[in-house]
S.K.: 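To start, I am sharing the structure in question, which I have written as structure tokens.
Naming convention: chains lettered A, B, ... in sequence-line order (proteins, then strands); numbering from 1 in each chain.
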Amino acid sequence: MRENPLSGRGDLPTDASQRRDGSQARAVVDQELMRRVVRDEEGAFAAFYSRLAPGLFSVVYEIVRDQKEAEDVLQECFVQMWKKSASYEPARSSLFTWAVMIARHRAIDRVRSRQRHLRVGEAATLEAQVSPPTPLASADDLAEQSDERDRLRAALLQLADGQREALHLAFFSGLTQTEISAQLGAPLGTVKARIRRGLIALRDILEAAV
Amino acid sequence: MIDERLEEQAASYAFESLEADEKASFESELAANPELAKLVDDLRSTTANLAHSAPARVPPPELESRILRAIQDEGRSQSSSGMPSWIPWALAAGLAICCGALLLGRTENAGSIASLRERIAGSEKQSSGLAAERDRALAAAREQQQQTSADQAEIARLNSERDALTRQVAELKQKEEALRVQNTTLAAKTQELGNKVTQLPQKSGLRDTQVLRLRSNMQSAPRASATVFWDAEKQEGMLYTVGVPPNGTDQDYQLWFVDPKFDKLVDGGVFSVGKDGAAEIVFHPKTPIASVKKFAVSLERKGGVSKPQGPIVLASK
């Protein structure tokens with residue numbers, strides 16, 4: 001529901017209440033899905049893949065910036081998640097958080113490994129192997145994720161430019177904080193403070209929105 | 001109490017960017033400090049949310065089957081990795097025995113070669129007769145080969161049909177799985193709404209509340225419904241919908257009162273329904289209502305109308 005011209009009170013009903021209902025229902029579904037993946041029930045992994053693959057592929061691609069490598073990393077992620085499915089703790093994090101952390105870790109490992117190769121003089125070869133970019137998702141593909149994306153975009157716009165930039169580099173670049181400091185030309189302490197303040201502010205904004 | 005230094009380490013930990021020595025000491029602090037553990041969980045979740053800022057891309061369709069194959073291979077390699085250690089030794093011992101037997105046989109065979117040569121000479125005489133027989137056998141073999149080719153073509157056709165059916169079965173299973181997930185979602189929502197409905201009179205203070213159930217008139221959504229709680233004294237009500245199709249961007253749903261005191265329906269205001277089919281609103285009539293006989297919901301142009309013009313999609317009895 002977008003607005004409520006009937007309501008005499010500003011607090012009822014809200015997008016937030018529906019979002020909360022949605023996230024609770026999603027948590028129930030995620031838990032049930034993981035229970036079935038752990039039991040290796042037929043069709044469970046295909047459903048698991050459909051639920052997570054588009055979001056994870058977007059993150060992995062943004063980090064490795066290469067179609068073929070992004071596909072390889074996504075494959076490694078799903079194999080790893082399948083092996084580790086029994087260790088997933090729903091009380092500690094959502095399925096999405098768990099999966100994104102694994103995917104990001106794998107993608108950054110891939111980038112660092114590539115950089116090691118580049119340092120030993122294979123730059124030209126690797127450059128030639130980089131495949132063309134994958135097309136962006138269509139409107140239909142985006143529909144399901146659009147609420148979360150809109151919510152995050154709105155939240156990020158409330159942060160200071162420096163905080164937003166630091167968070168983006170910390171998440172997607174695979175650079176250490178020292179490297180980020182060098183890239184931004186800012187002292188390491190400033191970079192650490194921007195990341196801390198930005199992340200805590202982002203948490204507070206997202207929580208307030210729910 | 002968490003100071004700035006710990007907050008900074010928690011943020012770095014969430015990004016997995018703590019140095020090894022700092023990470024070890026932070027993790028021991030983490031194990032002993034539940035408040036810090038909660039902060040880390042929150043920050044990890046916030047960090048994961050940054051994933052939504054990546055431009056959305058879709059993986060190629062064939063990647064799913066490639067990954068499923070990789071997982072099946074992984075499963076097979078795990079289940080076959082436990083070969084007993086005595087097997088290579090047993091194979092080596094077997095080979096050694098075979099080598100010994102072959103060495104003995106070589107000596108005995110030297111004597112037999114001479115007599116065999118004599119027998120070969122005799123056999124050559126018979127070979128011309130056998131040649132004709134061979135030609136006949138070859139003709140029969142060719143005929144059989146043609147038949148075999150036809151059989152192989154038939155087998156290939158049947159295999160292709162079987163593969164198509166297997167794919168259909170896999171697609172149906174995937175659809176079934178999607179429906180099962182959808183059912184679980186709906187069941188969870190229904191449960192939540194049930195709880196809300198039970199608690200509503202106490203929560204909202206609507207004591208002498210009239211409760212009316214609105215049923216669907218829509219062929220496209222026969223299971224859509226709404227529940228209205230109406231407090232005549234306060235002239236205030238609440239409406240919950242379930243399974244109602246989302247309205248278009250140029251449309252609104254509009255609620256109507258049927259009060260015998262008026263000769264036309266009384267406007268209860270407009271509302272929108274999102275993709276999940278659910279809406280919950282508090283409403284007040286535009287004109288004071290004496291007694292409500294019925295409630296109805298129509299689908300109207302954006303902003304609503306003074307009297308119903310669109311179809312009545314939900315109505316109470």
Side-chain angles (χ1 to χ4, degrees), chain A residues 1-9 12-13 17-18 21-22 25 28-29 32 42-43 45-47 49 53-55 57-59 61-62 71 74-75 78-79 82 92-94 96-97 100-101 105 134 136-137 141-142 145 148-149 152 156 167 170-171 176-177 192 195-196 199-200 202-203 206, chain B residues 4 7-8 10-12 14-17 41-60 63-64 66-68 70-71 74 170 173-174 176-178 180-181 184-185 188-189 192 236 238 255 268-276 278-284:
Chain A
M1 199 164 72
R2 289 182 289 279
E3 59 180 336
N4 171 32
L6 292 178
S7 175
R9 291 175 289 185
L12 267 179
S17 64
Q18 288 181 13
D21 293 349
V28 171
V29 171
E32 170 65 13
E42 194 169 358
F45 198 85
Y49 179 88
F57 187 73
S58 305
V59 176
Y61 186 92
E62 187 66 9
E71 291 175 19
L74 192 70
Q75 176 172 332
F78 273 98
V79 171
W82 175 73
R92 288 205 58 194
S93 68
S94 69
F96 177 77
T97 297
V100 165
M101 287 308 190
H105 188 91
T134 187
L136 290 170
D141 297 321
L142 290 173
Q145 301 168 28
E148 295 297 331
R149 288 180 179 283
L152 181 75
L156 284 172
L167 288 181
F171 189 78
T176 64
Q177 291 182 341
K192 285 184 174 180
I195 289 174
R196 171 177 65 82
L199 196 58
I200 287 175
L202 186 63
R203 176 199 65 178
L206 290 173
Chain B
E4 279 192 2
E7 269 187 1
E8 201 162 271
S12 300
F15 279 108
E16 299 180 330
S17 57
D41 286 348
D42 284 354
L43 295 186
R44 281 170 66 86
S45 170
T46 308
T47 304
N49 259 311
L50 288 169
H52 292 305
S53 65
R57 293 173 196 274
V58 280
L63 186 57
E64 179 176 1
R66 191 175 115 193
I67 290 176
L68 284 171
I71 284 167
E74 191 75 24
K173 278 182 180 167
Q174 233 172 327
E176 184 195 4
E177 180 55 32
R180 201 175 305 174
V181 170
T184 312
T185 311
K189 283 195 172 180
E192 272 178 41
E236 182 181 67
M238 295 181 80
L255 177 68
V270 294
F271 63 96
S272 295
V273 175
K275 278 184 289 187
D276 60 359
E280 47 180 77
I281 59 163
V282 174
F283 60 85
H284 302 90

S.K.: Which value, rounded to the nearest 0.5 Å, describes the distance between A/R203 atom CZ and B/N49 atom CG?
M.R.: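 The CG atom of B/N49 is 13.0 Å from CZ of A/R203, to the nearest 0.5 Å.
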S.K.: Using non-hydrogen atoms only, which part of B/A178 is less than 4.5 Å away from chain A: side chain, backbone, both, or neither?
M.R.: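 For B/A178, there is no contact with chain A at all, as no heavy atom is under 4.5 Å.
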S.K.: Counting only non-hydrogen atoms closer than 4.5 Å, does B/E177 touch chain A with its backbone (N, CA, C, O), its side chain (CB onward), both, or neither?
M.R.: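 Interface part for B/E177: side chain.
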S.K.: Give the minimum heavy-atom separation between B/S12 and A/Q177, together with the two atoms involved.
M.R.: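 Where B/S12 meets A/Q177 most closely, the heavy atoms are OG-NE2, 3.1 Å.
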S.K.: Looking at B/A10, B/A170, B/S45, which one has more heavy-atom pairs under 4.5 Å with chain A than the rest?
M.R.: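 Heavy-atom pair counts peak at B/S45.
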S.K.: Can you tell which of A/E62, A/H105, A/E71 has the highest number of heavy-atom pairs within less than 4.5 Å of chain B?
M.R.: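 Option with the greatest count: A/E71.
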S.K.: For each of A/L156, A/T176, A/L167, tally heavy-atom pairs with chain B at distances under 4.5 Å, and name the one with the top tally.
M.R.: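 When all of A/L156, A/T176, A/L167 are compared, A/L167 has the most.
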S.K.: Among residues at least two apart in sequence or on other chains, which ones pass ring-ring contact (aromatic ring centres under 6.0 Å, His included) with A/Y49?
M.R.: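 In terms of ring-ring contact (aromatic ring centres under 6.0 Å, His included), with neighbours along the sequence ignored, A/Y49 is linked to A/F78.
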S.K.: Which heavy atom of A/F57 sits nearest a heavy atom of B/P60, and at what distance?
M.R.: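 Taking A/F57 first and B/P60 second, the nearest heavy atoms are CZ-CD, 4.3 Å.
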S.K.: Could you grab the distance from atom CG of A/L206 to atom OG1 of B/T46, nearest 0.5 Å is fine?
M.R.: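 Here the interatomic distance stands at 6.5 Å.
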S.K.: Can you name the residues that form a ring-ring contact (aromatic ring centres under 6.0 Å, His included) with A/F96, not counting sequence neighbours?
M.R.: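 Testing A/F96 for ring-ring contact (aromatic ring centres under 6.0 Å, His included), a comparison that skips the adjacent residues, returns B/H52.
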S.K.: Report yes if the side chains of A/L202 and B/L50 come closer than 4.5 Å at any heavy-atom pair, otherwise no.
M.R.: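 Yes. Closest side-chain heavy atoms under 4.5 Å.
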S.K.: Looking at chain A, which one of B/K173, B/E64, B/E16 has the largest number of heavy-atom pairs inside 4.5 Å, strictly under?
M.R.: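 When all of B/K173, B/E64, B/E16 are compared, B/E64 has the most.
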S.K.: Going from CD1 on B/I71 to CD on A/Q75, what distance comes out if it is rounded to the nearest 0.5 angstrom?
M.R.: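 B/I71 CD1 to A/Q75 CD: 8.5 Å, rounded to 0.5 Å.
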S.K.: Pick from B/P59, B/A48, B/S17, B/A70: which one has the most heavy-atom pairs with chain A under 4.5 Å?
M.R.: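 Most heavy-atom pairs under 4.5 Å with chain A: B/P59.
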S.K.: When only pairs under 4.5 Å are counted, which of A/I200, A/V100, A/L152 shares the most heavy-atom pairs with chain B?
M.R.: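 Highest number of pairs under 4.5 Å: A/L152.
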S.K.: Between A/V59 and chain B, with a heavy-atom cut-off of 4.5 Å, which part of the residue counts as in contact: side chain, backbone, both or neither?
M.R.: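 Both parts, heavy atoms under 4.5 Å.
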S.K.: Side chain from CB out, backbone as N, CA, C, O: work out which of these in B/L68 comes under 4.5 Å of a heavy atom of chain A, or both, or neither.
M.R.: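 Just the side chain, heavy atoms under 4.5 Å.
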S.K.: Between A/S58 and B/R57, is there a donor-acceptor pair closer than 3.5 Å when you use the side chain of the first and the backbone of the second?
M.R.: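 Checking the backbone N and O of B/R57 against the side chain of A/S58, a donor-acceptor pair under 3.5 Å is found.
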S.K.: Ignoring hydrogens and geometry, is there a side-chain-to-backbone donor-acceptor pair from A/R149 to B/A54 under 3.5 Å?
M.R.: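 Between the backbone of B/A54 and the side chain of A/R149 there is a qualifying donor-acceptor contact (under 3.5 Å).
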S.K.: Counting only heavy atoms closer than 4.5 Å, note whether B/E4 contacts chain A via side chain, backbone, both or neither.
M.R.: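 Backbone plus side chain of B/E4, per the 4.5 Å heavy-atom cut-off to chain A.
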S.K.: Would you mind checking which part of B/Q174 comes under 4.5 Å of any heavy atom in chain A, side chain (CB onward), backbone (N, CA, C, O), both or neither?
M.R.: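 The side chain, not the backbone.
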S.K.: Are the side chains of A/S93 and B/R44 in touch, meaning some heavy atoms are under 4.5 Å apart?
M.R.: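 Not touching, per the 4.5 Å side-chain cut-off.
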S.K.: Highest number of heavy-atom pairs under 4.5 Å with chain A: which of B/R66, B/E176, B/R180?
M.R.: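 Highest number of heavy-atom pairs under 4.5 Å: B/R66.
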